[in-house]
Visitor: 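Have a look at this one.
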2 protein chains.
Amino acid sequence: MKQSTPAAEDYLKTIYGHTEWQPNLITPSVLAARLGIAPSSVTEMVKKLAAAGLLHHVPYGPLMLTPAGLRAATAVVRRHRLIETWLVRDMGFHWDEVHEEAEVLEHSISDRLLDAMDARLGHPAHDPHGDPIPDANGAVAREPAILLAQATAGHSGRVLRISDKDSAILRDLATDSIGPGSALTVVEALTVVEPLTVRLPDGQIRQLSPAAAELIWVSA
Amino acid sequence: MKQSTPAAEDYLKTIYGHTEWQPNLITPSVLAARLGIAPSSVTEMVKKLAAAGLLHHVPYGPLMLTPAGLRAATAVVRRHRLIETWLVRDMGFHWDEVHEEAEVLEHSISDRLLDAMDARLGHPAHDPHGDPIPDANGAVAREPAILLAQATAGHSGRVLRISDKDSAILRDLATDSIGPGSALTVVEALTVVEPLTVRLPDGQIRQLSPAAAELIWVSA
DNA sequence: TAAGGGCTTTCGGCACGCCTAAATCTTGGC
DNA sequence: GCCAAGATTTAGGCGTGCCGAAAGCCCTTA
Ligand SMILES: [Mn+2]
Ligand SMILES: [Mn+2]
Ligand SMILES: [Mn+2]
Ligand SMILES: [Mn+2]
């Protein structure tokens, strides 16, 4: 099984991430798109990961993590999210600035340093985007959530997480005082012609673009 | 010139390190030994670094950094030493535990994060081993120093730096209360048959192995 | 000054991780 | 049930960074 390379870790993490919030199996082409690489490159790495016992894969079929692959994936996710949390809480980064840095450091820091960060931060349960941080055993505490883009008018809930994929949207949301933990009520659901409208606890109204609504998850 | 890889950064840093305390030119075989790789590998990388304008090299001759190479090297050294300082001051590492971690992270952290560390630490001038931290422009404040192994009986001075190459010796020295800043006087110089003997400010006597004496630099 | 030993370089190879182009498989629509 | 479009895999290549073995250079020593 050897020890995994940065590239392998990113494959596993991305496969895991695909099913973290929606129960869909990921295909090689989708994985390639998420990683920004050619599908043929995925085929090669998939063979190696399957040979290492980290992935189930029948040719032309979808990709599934084995128990060992799941462990490896959550370990990387834990690193990523703890690093993001540390960057925001200790190093003065904003939540829209941490993703790229964590994308690199997650492959570099030692277990020793990871533990030191975890202890220093008081074993945080969530990262700056609201994503749950797996514990040292890989256990993840996930709350039922629905995508804001799919919420119906009248739905009330707390923002549980906001995907960290798009920095610009994160900055806009921060300007609008919307972040993990924010309470909100859907005034008008998203439609083809209308943006989504929500009301904040102080009565203020906010309109959210479809792109933003696709990144925000609220409690059910 | 492109942006340098971790391997190239380690070559430049190691070449720089060779001449930081002694004015000797480094040869390919010595560089190979320091990096723990085969001499033929050095030949290849040297060609690339020379082509990139970072190194002067005539075939069969020694290696010399160009001004651009020196800038690149001090930038890596700055990263390495700031990271070590941060690990000790903020993360609870001991000075004998930081070298390996910094060896990896020096290639991973962004300029943004480096600046944040530097500011948080108050722009430190020295790392935990007493090595000067180059400033953001690459300027290094170096004090004249002599190797303890070469100090004569009666020599008094402060420990300026201790090489971080050997963790075991660092631990022993910590046990003996010897570290950067320690004042000491040489009671008996190092000879082929005798270990080095020093006296600490409180009058205590310590014997140092030849290996240790070769790693400690004191003020002249 | 002629070796010969020690460095250095060259050569052929390998693992990794990516690519494009060309097969090949699968499957939905007819 | 067939077939073509789309997804996947195969094949051939490239850059990086390492290796060991063999060739070549240099310089000291006799
Ligand atoms: Mn990554
Ligand atoms: Mn995150
Ligand atoms: Mn390094
Ligand atoms: Mn150091």
Side-chain angles (χ1 to χ4, degrees), chain A residues 1-15 18-19 24-65 69 72-73 76 100 103-108, chain B residues 1-15 18-19 24-65 69 72-73 76 100 103-108:
Chain A
M1 199 181 313
K2 316 171 27 173
Q3 60 123 43
S4 36
T5 61
E9 290 180 350
D10 281 337
Y11 278 77
L12 295 172
K13 178 169 64 104
T14 304
I15 294 168
H18 186 79
T19 48
N24 305 330
L25 291 176
I26 191 170
T27 61
S29 55
V30 169
L31 179 54
R34 284 214 180 191
L35 291 170
I37 64 179
S40 57
S41 303
V42 169
T43 301
E44 288 178 6
M45 180 63 88
V46 160
K47 272 192 255 184
K48 288 183 203 167
L49 295 175
L54 299 169
L55 218 51
H56 287 303
H57 182 233
V58 283
Y60 297 95
L63 309 172
M64 277 165 300
L65 294 172
V76 181
E100 292 312 310
E103 197 58 52
V104 175
L105 290 182
E106 66 191 0
H107 312 294
S108 305
Chain B
M1 198 181 315
K2 318 173 29 176
Q3 59 124 45
S4 36
T5 61
E9 289 180 349
D10 280 336
Y11 278 77
L12 295 172
K13 179 168 63 100
T14 304
I15 295 168
H18 186 78
T19 48
N24 304 330
L25 291 177
I26 191 170
T27 60
S29 55
V30 169
L31 179 55
R34 285 213 178 192
L35 291 170
I37 62 179
S40 57
S41 304
V42 169
T43 301
E44 288 179 6
M45 181 63 89
V46 160
K47 272 192 255 183
K48 288 182 203 167
L49 295 175
L54 299 169
L55 218 50
H56 287 305
H57 182 236
V58 282
Y60 297 95
L63 308 172
M64 277 166 300
L65 294 172
V76 181
E100 292 312 310
E103 196 59 53
V104 175
L105 290 182
E106 66 191 359
H107 311 293
S108 305

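The chains referred to below are lettered A, B, ... by the order of the sequence lines, with proteins before strands, and numbering in each begins at 1. Please read all numbers here as calculations on a predicted model, not as lab measurements.
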Visitor: Assess the residue pair B:Glu106 and B:Lys13 against the criterion (side chain to side chain contact (heavy atoms under 4.5 Å, CB included)); give the C-alpha distance rounded to whole Å, side-chain angles, the decisive distance to 0.1 Å, and a yes or no.
Guide: CA-CA 11 Å; B:Glu106 66 191 359; B:Lys13 179 168 63 100; 3.1 Å; yes
Visitor: May I have the distance from A:Met45 (atom CE) to C:dA15 (atom P), rounded to whole angstrom?
Guide: 15 Å
Visitor: Can you list, by residue number, the residues of residues 34-43 of chain B that have a non-hydrogen atom closer than 4.0 angstrom to DNA chain C?
Guide: B:Pro39, B:Ser40, B:Thr43
Visitor: Kindly give the atom pairs (protein nitrogen or oxygen, nucleotide nitrogen or oxygen) under 3.5 Å for nucleotides 23-28 of chain C.
Guide:
unit_1: C:dC25; atom_1: O4'; unit_2: A:Tyr60; atom_2: OH; d: 3.3

Visitor: Rounding to a whole Å, what distance do you find between B:Tyr11:OH and D:dT16:P?
Guide: 13 Å
Visitor: Mark yes or no for whether A:Thr14, through its side chain, and A:Asp10, through its backbone, hold a donor-acceptor pair below 3.5 Å.
Guide: yes
Visitor: What is the distance, rounded to the nearest whole Å, between atom NE2 of A:His57 and atom P of D:dT8?
Guide: 8 Å
Visitor: Once you round it to whole Å, what is the distance between P of C:dC14 and NZ of A:Lys48?
Guide: 15 Å
Visitor: Using side chain to side chain contact (heavy atoms under 4.5 Å, CB included), reason through B:Asn24 and B:Thr19 one step at a time and then give a plain yes or no.
Guide: CA-CA 6 Å; B:Asn24 304 330; B:Thr19 48; 5.6 Å; no
Visitor: At their closest point, which heavy atom of B:Leu25 faces which heavy atom of B:His18, and how far apart are they?
Guide: O-NE2, 3.8 Å
Visitor: Which heavy atom in A:Ala7 sits nearest to a heavy atom in A:Met45, and how many Å separate them?
Guide: CB-CE, 3.7 Å
Visitor: What is the distance from CD1 of A:Ile26 to P of D:dT8, rounded to the nearest Å?
Guide: 10 Å
Visitor: Identify the two heavy atoms, one from B:Ser108 and one from B:Val104, that lie closest to each other, and give their separation to 0.1 Å.
Guide: OG-O, 3.5 Å
Visitor: For residues B:Leu12 and B:Ala72, report the shortest heavy-atom separation together with the two atoms involved.
Guide: CD1-CB, 3.8 Å
Visitor: Rounded to the nearest Å, what distance is computed from the CG atom of residue A:Leu31 to the P atom of nucleotide D:dA7?
Guide: 15 Å
Visitor: Would you please confirm or rule out a distance under 4.0 Å between OP1 or OP2 of D:dT10 and any side-chain N or O of A:Lys47?
Guide: yes
Visitor: Rounded to whole angstrom units, what separation is found between the CG atom of A:Leu63 and the C1' atom of D:dT9?
Guide: 13 Å
Visitor: Grab the two heavy atoms, one from B:Gly61 and one from B:Pro28, that are nearest each other, plus how far apart they are.
Guide: O-CD, 3.8 Å
Visitor: Among A:Leu54, A:Leu63, A:Leu49, which one satisfies side-chain contact (heavy atoms from CB on, under 4.5 Å) with A:Tyr11?
Guide: A:Leu49
Visitor: Distance criterion of 3.5 Å, no angle test: do you see the side chain of A:Glu44 paired donor-to-acceptor with the base of C:dC16?
Guide: no
Visitor: Rounded to the nearest Å, what distance is computed from the CD atom of residue A:Glu9 to the C1' atom of nucleotide C:dG17?
Guide: 15 Å
